[in-house]
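Read the numbers this way: they start at 1 and go in the same order the structure lists the ligands and their atoms.
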Amino acid sequence: MGICASKNYYRIVLLGNVGSGKTTFCKQIVDSYLGGFSKSMKWEFRKHIQANILHRMVAMQSFEEFSDTLEEDEEFKRNFMVLQNATVADFDYSDDESNSFVQEVLDSAVYVGEHKVVQEICNALYLSAPWDFKYFRDVRRIFKNDYEPSKEDIFTCRKPTTGSCEYIIRHLHVQAKGNKTIRQEVIIEVIDVGGQRSERKSWEKQIELADGILYLVSMTDYAGKEGAVQDYYSYLSDNDKCNLKYTQELFKENFIIPKTRHIPIVLLETKVDLFRKMIEDNSPSMRECFPEYKGADGDYETACAFLTSQIKSKIKNSLNSKMLESKLERMPILRQNLTSKTNFALIFNRIWDKITFALQDIKSIEKYSKSGQVRKSSAQEMIMKRQAVKTHRASITDLGNMHMPGTPKSKAKQKLNFRRSISVLTGIPINARGSGTASVEELISGNNSLNLQRRRDARNSVQGIVRSKSYHWN
Ligand SMILES: Nc1nc2c(ncn2[C@@H]2O[C@H](COP(=O)(O)OP(=O)(O)OP(=O)(O)O)[C@@H](O)[C@H]2O)c(=O)[nH]1
Ligand SMILES: [Mg+2]
């Protein structure tokens with residue numbers, strides 16, 4: 001019997017600094033569990049996507065090359081003025097397509113967006129705000145009368161959260177244990193809140209009602225300059241920052257406050273895709289940001305481990321209880337690119353594995369700490385059990401990869417267990433042969449040759465739409 005045997009309704013609150021990916025996580029939930037994005041939601045996204053691009057274009061005036069072009073190129077200037085009027089007047093340009101001004105704005109956006117000087121600025125700034133600049137590669141598609149945002153556009157669209165949103169889903173939790181596959185249906189309420197300082201007043205209330213916390217940290221925050229409000233969050237107030245120091249402080253605050261003490265916390269490091277690119281391009285290099293960093297340039301694995309230890313070390317130094325020391329040691333850590341079009345139900349199943357582990361573990365941590373002992377981290381326990389496992393990284397799961405820590409034998413076993421879970425979640429027999437065969441990697445990516453309808457049927461039979469109390473987008 002799993003630990004959830006006596007309970008099947010859980011409230012999980014998503015916490016994390018601004019832009020850490022809380023809402024993106026929820027978009028994946030809507031897409032995989034709640035029937036996808038409705039027409040009205042897509043319409044809202046369309047407006048935000050277009051507005052974000054226009055605001056970016058107008059803000060480019062501060063670049064010298066841009067203002068030079070404005071002076072020299074009459075046509076460019078005329079088109080730019082159209083966009084400036086549209087944003088200054090906060091004109092709802094996508095509301096009435098028959099309006100000639102609407103068409104003018106759409107045409108001007110394509111003209112300016114595709115201009116060489118704009119494209120060059122975008123390329124230079126890309127990694128500072130990929131969620132906005134990515135769209136500049138596609139302005140012709142986006143500024144069209146009949147533009148309907150793709151799933152990828154929606155996952156990329158940035159809109160800061162105000163208030164809170166609840167998503168209630170039915171998830172079939174599948175775990176492979178030994179030779180058995182354990183299935184348990186759980187109803188999970190996922191709560192999304194805003195990360196801005198002005199929004200964080202509501203966190204306390206949400207924490208009080210939570211069974212567990214999924215705490216999100218954006219790995220790209222390592223590049224944020226101390227004290228500076230980064231360009232890419234231009235909507236932020238002076239009190240909000242996106243740099244690692246601030247992110248660490250915020251996590252520490254929430255980790256040590258009495259209200260979260262007895263609540264299990266799972267750490268989800270997000271934007272691994274961008275982080276990998278930034279590390280590989282040395283843009284900026286880890287050493288530039290942390291003089292004490294000893295890893296080689298471009299070494300992604302070492303950079304990941306360093307970042308995680310930075311996040312943990314800040315808390316470690318301010319703990320004064322055995323209970324919290326154990327909790328930190330044993331905190332499950334996950335990594336994921338939240339914008340990927342992977343099969344989110346499978347990813348979520350792995351996340352839920354960790355949450356259930358943490359739910360169960362918190363009780364044993366409390367029991368242990370009463371006797372004055374610190375429980376070893378789960379990885380350390382594993383090391384003791386299997387001498388061959390040499391690194392504490394065993395507790396970190398890179399969700400998007402088939403990253404299996406441990407010895408070749410234990411890896412093979414984990415892979416088999418994982419295949420077994422997937423088999424239940426997708427309805428595909430583990431030993432499927434012929435055209436129905438799909439590798440684990442293919443299943444994760446949702447990219448296999450299996451009949452789509454068959455996959456959909458299988459998914460629907462194990463997951464059910466419950467409801468969402470509200471959305472941000474309609
Ligand atoms: N490439 C990439 N982009 C991501 C990832 N997670 C989030 N983003 C992008 O980061 C931006 C911010 O994400 P949100 O989900 O809105 O962040 P949030 O935590 O809800 O922010 P607030 O509501 O302001 O607290 C969005 O444009 C996302 O597309 C990721 O894993 N990879
Ligand atoms: Mg949000």
Applying a strict 4.0 Å limit to heavy atoms, is Lys27 in contact with ligand 1? no
Is Gly16 in contact with ligand 1, taking contact as a heavy-atom separation below 4.0 Å? no
Is it the case that ligand 1 has an N or O less than 3.5 angstrom from some N or O of [X]?
X      : value
Leu274 : no
Asp192 : no
Val18  : no
Lys159 : no
Thr270 : no
Val193 : no
Val272 : no

What's the OG1-the Mg ion (ligand 2)-OG1 angle here (Thr23, Thr161), rounded to 10 degrees? 90°
Salt bridge check: are Arg287 and Glu292 linked by an N-O gap of less than 4.0 Å? no
Check this for me: does any side-chain nitrogen of one of Glu329 and Lys312 sit under 4.0 Å from a carboxylate oxygen of the other? no
Pairing donors with acceptors under 3.5 angstrom, does anything connect the side chains of [X] and [Y]?
X      : Y      : answer
Thr270 : Arg335 : no
Asp153 : Tyr147 : yes
Glu199 : Thr162 : no

So which of Arg158, Gln196, Lys134 gets nearest to atom 24 (O) of ligand 1, if we judge by its closest heavy atom? Arg158
Looking at Pro160, Gly19, Pro130, the heavy atom closest to atom 21 (O) of ligand 1 belongs to Gly19
Applying side-chain hydrogen bond (donor to acceptor under 3.5 Å, both in side chains) to Glu204 and not counting sequence neighbours gives Lys259
In chain order, what residues pass the side-chain hydrogen bond (donor to acceptor under 3.5 Å, both in side chains) check against Glu152, with sequence neighbours excluded? Lys134
Is ligand 1 under 4.0 Å from a heavy atom in the side chain of Phe25, in the backbone, in both, or in neither? neither
For Glu199, which part has a heavy atom under 4.0 Å from ligand 1: side chain, backbone, both, or neither? neither
Relative to Phe251, does Lys314 satisfy both conditions: NZ or CZ under 6.0 angstrom from the six-membered ring centre, and within 45 degrees of the ring's axis? no
Do we get Arg137 above Tyr126's six-membered ring, with its NZ or CZ under 6.0 Å from the centre and within 45° of the axis? yes
